[in-house]
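Read the structure below first, then the notes.
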Amino acid sequence: GTARHDREMAIQAKRNLSKTTDPVERLRLQCLARGSAGIKGLSRVFRIMDDDNSRTLDFKEFVKGLNDYAMMIDKEEAQEIFRIFDKDGSGTIDFDEFLVTLRPPMSNARKEIIMQAFRKLDKTGDGVITIEDLRGVYNAKHHPKYQNGDWTEDQVFRAFLDNFDSPYDKDGKVTTEEFMNYYAGVSASIDTDVYFIIMMKNAWKL
């Protein structure tokens, strides 16, 4: 159902874009118009630009990142967004703070069910999901690439983890934050909490 959600979300985001004047909301909607990985995609662009690994961006880098990602934002709007995120007026914005703020807001009920799924997958309870955690929770044998012999069980697990992993830093480990970021994208396309919770319960047999 994710592909369908993605399409619905993209259509909805494009529709809402014409209505909103809030610059942060406009940027969020432009990302969501690309599907649930849209925000992840923007973070990848910024990660590539952050040459010195400072996890911060100055205004020039910020604008270049938006342009590279083909975001339709004029300079005034970009300045306004930058000002909102540059809370201490230092002339740079914190990367992680920016992504968290850009993430569509979610109700506590949604966050709770996402965390339930996370805890179920995190067998060892150390706050990180790894390939080891997935054994016995996620069945690789149904995967078409496993069935036709292209992939081993571990490769299926790894591909599964990569879905949730940060695109700029695929390390085969998924943190709570990365799991939340992924589902915030999915959540944006689902109107009601009830439907979101049912979807999560079915997907993870909670």
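The shown structure was predicted, so the numbers you read here are calculated from the model rather than taken from an experiment.
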**Request:** Please determine if Glu25 and Arg28 form a salt bridge, counting it only when a charged side-chain N lies under 4.0 Å from a carboxylate O.
**Result:**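 Result for this pair is yes, salt bridge flagged.
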Examine [X] and [Y] and state if one hydrophobic cluster contains both, with Ile, Leu, Val, Met, Phe, Trp and Tyr joined whenever side-chain heavy atoms are less than 4.5 Å apart.
X	Y	answer
Leu29	Val24	no
Val128	Tyr183	no
Phe196	Val194	no
Ile73	Tyr69	yes
Ile131	Val137	yes

Would you call [X] and [Y] a side-chain contact if the rule is heavy atoms closer than 4.5 Å?
X	Y	value
Thr176	Asp122	no
Phe59	Lys75	yes
Arg135	Phe157	yes
Tyr138	Val156	yes
Ile129	Phe160	no
Phe179	Leu121	yes

Between the main-chain N or O of [Y] and the side-chain N or O of [X], is there a donor-acceptor pair closer than 3.5 Å?
X	Y	result
Asp86	Gly91	yes
Ser18	Arg15	yes
Arg26	Leu17	yes
Asp133	Thr124	yes

Pairwise distance [atom1]([X]) to [atom2]([Y]) - rounded to 0.5 angstrom:
X	Y	atom1	atom2	result
Lys14	Asn16	NZ	CG	12.0 Å
Leu42	Leu27	CG	CG	6.0 Å
Glu61	Phe46	CD	CZ	9.5 Å
Ile113	Met106	CD1	CE	12.5 Å
Asp22	Ile84	CG	CD1	6.5 Å
Glu177	Met180	CD	CE	8.5 Å

**Asked** If we ignore angles and hydrogens, is there a donor and acceptor under 3.5 Å between the side chains of Thr152 and Asp154?
**Response**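 Not at all, the side chains of Thr152 and Asp154 share no donor-acceptor pair under 3.5 Å.
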**Prompt:** For Ser90 and Asp88, what are the C-alpha separation, side-chain angles and deciding distance, and is it a side-chain hydrogen bond (donor to acceptor under 3.5 Å, both in side chains)?
**Reply:** CA-CA 5 Å; Ser90 64; Asp88 56 0; 3.1 Å; yes
Can you name the nearest heavy-atom pair linking [X] to [Y], along with the distance?
X	Y	result
Leu206	Met200	CD1-O, 4.0 Å
Glu153	Ala140	CG-CB, 3.5 Å
Thr130	Lys173	CG2-CG, 4.1 Å
Ala10	Ala33	CB-O, 3.3 Å
Thr92	Phe82	CA-CZ, 3.9 Å
Gly172	Leu161	O-CD1, 3.2 Å

**Message:** Tell me whether Lys87 at atom NZ has more than 12 heavy atoms from other residues, nucleotides or ligands lying less than 6.0 Å away.
**Reply:**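 More than 12 within 6.0 Å, yes.
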**Prompt:** More than 12 non-hydrogen atoms from neighbouring residues, nucleotides or ligands closer than 6.0 Å to NZ on Lys120, yes or no?
**Reply:**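 Counting neighbours around NZ of Lys120, more than 12 heavy atoms of other residues, nucleotides or ligands fall under 6.0 Å, so yes.
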**Request:** List the steps and the verdict of ring-ring contact (aromatic ring centres under 6.0 Å, His included) for Phe85 and Phe62.
**Result:** CA-CA 11 Å; Phe85 287 107; Phe62 180 66; 7.3 Å; no
